[in-house]
Amino acid sequence: MELVVKSEAFNAQPERPENLHPAYLEALTLVERLHRRLLDVIKDEFDRRKRADINAVQALLLYNIGDKELTASELRTKGYYLGSNVSYNVKKLVEMGFLHHARSRMDRRSVRISLTERGRVVHQIVADVYAKHMLTVEQIGGITGDEFSRMNLALTRLERFWTDQIRYRL
């Protein structure tokens with residue numbers, strides 16, 4: 001007698017499209033709404049500090065750049081910036097003194113950007129907001145580390161699915 005072990009995942013029946021439809025559409029709405037809400041949280045922090053010199057999109061951009069030196073196109077391709085007007089915001093941040101901007105030594109056509117001291121201050125403000133949230137999200141928000149891990153896995157898979165849709169024109 002041969003023992004056959006089948007995995008639960010292998011035997012699971014795929015969701016029927018009509019069952020998946022409402023959950024998929026709700027997830028799309030939540031992803032978009034969560035990004036807007038994150039911008040609201042960042043704006044609120046800067047409002048509390050009476051900082052009107054920078055908007056939430058720009059603050060998030062500075063946070064995501066961190067200690068890296070990048071090109072504007074890398075900001076988009078690496079997912080550090082969500083939006084079509086990255087060049088506008090980079091230009092404004094350079095003009096306002098939040099970003100250094102210099103031609104690449106390797107490719108003179110390419111412009112590299114990095115944070116100035118002013119930009120690092122903004123980066124730290126956003127980092128402090130995130131650190132405060134990490135201390136309270138489980139107790140107040142009721143979201144555990146395991147739930148974040150599962151959510152991150154699902155979101156990563158969704159991102160890969162969408163990337164494949166574009167890359168392979170599915």
Query raised in the report: Is the CD atom of E69 crowded by more than 12 outside heavy atoms at less than 6.0 Å?
Result: yes
Query raised in the report: Is the shortest side-chain N to carboxylate O distance from D40 to K43 below 4.0 Å?
Result: no
Query raised in the report: Is H21 atom NE2 crowded by more than 12 heavy atoms from other residues, nucleotides or ligands, each under 6.0 Å away?
Result: no
Requested in this report: Flag yes if F148 and M134 sit in one hydrophobic cluster, no otherwise; membership is Ile, Leu, Val, Met, Phe, Trp, Tyr, and two members link when side-chain heavy atoms are under 4.5 Å apart.
Outcome: no
Query raised in the report: So, the side chain of Q124 versus the backbone of V121: is there a donor-acceptor pair under 3.5 Å, distance only?
Result: no
Report task. Dump the intermediate steps for side-chain contact (heavy atoms from CB on, under 4.5 Å) on T71 and V111, then the final yes or no. Result -> CA-CA 6 Å; T71 65; V111 175; over 6 Å; no
Query raised in the report: Do R120 side-chain atoms and L115 backbone N/O form a donor-acceptor pair below 3.5 Å?
Result: yes
Query raised in the report: Mind checking whether M151 and L28 sit in one hydrophobic cluster, side chains of I, L, V, M, F, W, Y counted as touching below 4.5 Å?
Result: no
Query raised in the report: If you measure from CD1 on I65 to NE2 on H100, what distance do you get to the nearest 0.5 Å?
Result: 11.5 Å
Query raised in the report: Aromatic rings W162 and Y24: how do their planes relate, parallel, tilted or perpendicular, breaks at 30° and 60°?
Result: perpendicular
Report task. Could you tell me whether the side chain of E45 and the main chain of I42 form a donor-acceptor pair under 3.5 Å? Result -> no
Requested in this report: First locate atom NE2 of H35, then atom CG of L60, and finally report the distance between them rounded to the nearest 0.5 Å.
Outcome: 6.5 Å
Query - K68 atom NZ, over 12 foreign heavy atoms within 6.0 Å - result: yes
Query raised in the report: Between F98 and D53, does a side-chain contact (heavy atoms from CB on, under 4.5 Å) hold up when you go through it step by step?
Result: CA-CA 10 Å; F98 292 102; D53 57 335; 3.5 Å; yes
Requested in this report: Using a strict 4.0 Å threshold on nitrogen-to-oxygen distance, state whether E74 and R112 make a salt bridge.
Outcome: yes
Query raised in the report: Using 4.0 Å as the upper bound for N to carboxylate O, is an ion pair formed by D44 and R48?
Result: yes
